[in-house]
Undergrad: 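Have a look at this one before I ask anything.
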There are 2 protein chains.
Amino acid sequence: MPQARTNKAAEPNGDAGKPVDRRVQRTREGLHHALFDLILEKRYDKITVQDIIDRANVGRSTFYAHFLDKEDLLENLLRQLGEQLHDETVRTTPPADDHIVHSLTFFVHAHANRDFYRAMLSGGGGDLLLDTGRKHFTEALRQHLDQRVEEGAVLKIPTPVVAQYLAGAMMSVLTWWLAQDMPYPPEEIDDMYQALALPSIEALT
Amino acid sequence: MPQARTNKAAEPNGDAGKPVDRRVQRTREGLHHALFDLILEKRYDKITVQDIIDRANVGRSTFYAHFLDKEDLLENLLRQLGEQLHDETVRTTPPADDHIVHSLTFFVHAHANRDFYRAMLSGGGGDLLLDTGRKHFTEALRQHLDQRVEEGAVLKIPTPVVAQYLAGAMMSVLTWWLAQDMPYPPEEIDDMYQALALPSIEALT
DNA sequence: TTCCTGTCGAACACTTTGTTCGGTTTTGTG
DNA sequence: CACAAAACCGAACAAAGTGTTCGACAGGAA
């Protein structure tokens, strides 16, 4: 078996440059694709392992040789999408920025993958997606805020609270925006978010 | 059967004052209690219908005569807790208030029922609880904002967006606070929330 | 080629779900 | 009290899904 009973994707993976058997790559990608496609077709929580392996044309035992269960596979898939988004952010965002944080990238990414996001959020697997997103965002925010503190600013409110507050607000607006079929373009909804967020931050010092 | 295949609790229930059979009341309460207790003991998503009816000492068929499934029961339970909270809010909150909205009551309620909240949020059923909470909060906010608009204020940002933003931030902070074992008393965390929320609102006009 | 490692797929034991139905008990009411 | 209606019991069931095992096989690396 590729790797038996552990969520190996969770491991830091020391890299070590092992090229990874092609067969492994294929089945992984196949399963990722299968799940992704299926999510666009039916509620996530109604998707069964059988559905996935049928679609991916993969043996049952093979599935369990790679992932612990359906959710493990989803986590993996989300991690991948997350990295994709992260790269995009780095590439797109210019070094200096008058915004607090790259929130626009989130909206753009969500807009680009709107079908997936929506299916995810209304299909019962929303927790994971939102948690992942919130973590990314919180982390970025905390960095930004800590930097300010180092520059001598004194904040009235602990940074974790602020980060959590803003990240939660972000995900909430994002969710709503998607659920309403995106009544505004990404730039516009982001402007609103920024308009709401900035006053709070300025009032902090 | 009491009522066959519909989530009757979802019905507006025109009341009509039918006293409701004692047996029905008992089994309902029993099931509510059972689920509540079980949630304090094990992850919600690991709880089975069998667990519930064993604990409540109720026949299998009886369960399905009252609720569609485990989730339906949970929704019911949450609705009840929600009403409890609502009553508390009405009773506690003085008519005039310098705060935007009764956010403190949320924190107090969460603090009082901290075990349940925490178990819920980390047990896989968090979606429902947060959704319910967010809806309550959003609704209250929207009323508040609409009132302002009627008084002649012009808002730069549509009220639904603002309500969603603030409600999401609220639930996020609440979640974090609970996950961290409530490092501050309810009043203090609420002050922080208000301190973050008020500037946004004032910047709206 | 030669090994090694993944993959196949059928079979299996197990858990959970939701329904059915005849028989029993409890309520509300006259 | 008595009696009909309503609710409950519980065993049995079909159906679906889960996760594991194992011998046979095939594709890839060296």
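Every chain is numbered from 1, with letters handed out A, B, ... down the list of sequences.
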Undergrad: Pick base, sugar-phosphate or nothing for Asp51(A), based on heavy-atom distances below 4.0 Å to the nucleic acid.
TA: nothing

Undergrad: Strictly below 4.0 Å: does Ser61(A) bring a side-chain N or O up to OP1 or OP2 of dT7(C)?
TA: no

Undergrad: Taking all heavy atoms of Asp127(B) and all of Gly124(A), pick out the closest pair and write down the distance.
TA: OD2-O, 4.4 Å

Undergrad: Would one find a side-chain N or O of Thr27(B) under 4.0 angstrom from OP1 or OP2 of dA7(D)?
TA: no

Undergrad: Does NZ or CZ of Lys70(A) come closer than 6.0 Å to the centre of the six-membered ring of Phe63(A), within 45° of the ring's axis?
TA: no

Undergrad: Between dT18(D), dT7(C), dT19(C), which nucleotide gets closest to the side-chain atoms of Arg60(A)?
TA: dT18(D)

Undergrad: Examine dT20(D): is either OP1 or OP2 under 4.0 Å from a nitrogen or oxygen in the side chain of Tyr64(A)? Give yes or no.
TA: no

Undergrad: Would you mind reading off the distance between Arg28(A) atom CZ and dG6(C) atom C1', rounded to a whole angstrom?
TA: 12 Å

Undergrad: Give the rounded distance in Å between these two atoms: CG of Asp72(A) and C1' of dG19(D).
TA: 14 Å

Undergrad: For the pair made of CD in Glu71(B) and P in dT16(C), what is the distance, rounded to whole Å?
TA: 18 Å

Undergrad: What is the distance, to the nearest angstrom, from the CG atom on Asp69(A) to the P atom on dC14(C)?
TA: 21 Å

Undergrad: Measuring from the side chain of Arg23(B) (C-beta onward, heavy atoms only), which nucleotide among dA11(C), dC8(C), dA6(D) has the closest atom?
TA: dA6(D)

Undergrad: How long is the line joining CG of Asn57(B) and P of dT26(C), in whole Å?
TA: 13 Å

Undergrad: If I take atom CD1 in residue Ile47(B) and atom P in nucleotide dT16(C), what distance separates them, rounded to the nearest angstrom?
TA: 12 Å

Undergrad: So, for Ala56(B) and Gly30(B), which heavy atoms are closest and what is the spacing to 0.1 Å?
TA: CB-O, 3.7 Å

Undergrad: With DNA chain C as reference, determine whether Val49(B) or Asp21(B) sits nearer its 5' end, using the nearest nucleotide of each.
TA: Val49(B)

Undergrad: May I have the distance from Phe63(B) (atom CZ) to dA7(D) (atom C1'), rounded to whole angstrom?
TA: 16 Å

Undergrad: Ignoring backbone atoms, establish whether His66(B) has a side-chain N or O less than 4.0 Å from OP1 or OP2 of dC8(D).
TA: yes

Undergrad: So among Tyr184(A), Phe106(A), Phe107(A), which one has a ring pair (Phe, Tyr, Trp, His ring centres under 6.0 Å) with Trp177(A)?
TA: Phe107(A)

Undergrad: Does the side chain of Thr48(B) get closer than 4.0 angstrom to OP1 or OP2 of dT17(C) through an N or O atom?
TA: yes

Undergrad: For Gln25(B) and dT26(C), what is the distance between atoms CD and C1' respectively, to the nearest whole Å?
TA: 14 Å

Undergrad: May I ask you to verify if any side-chain N or O of Arg26(A) is less than 4.0 angstrom from the OP1 or OP2 atom of dG28(D)?
TA: yes

Undergrad: Any base atoms under 4.0 Å from Arg22(B), or only sugar-phosphate, or nothing? Heavy atoms, all strands.
TA: sugar-phosphate

Undergrad: Evaluate whether atom CZ of Arg22(B) has more than 12 neighbouring non-hydrogen atoms of other residues, nucleotides or ligands under 6.0 angstrom away.
TA: no

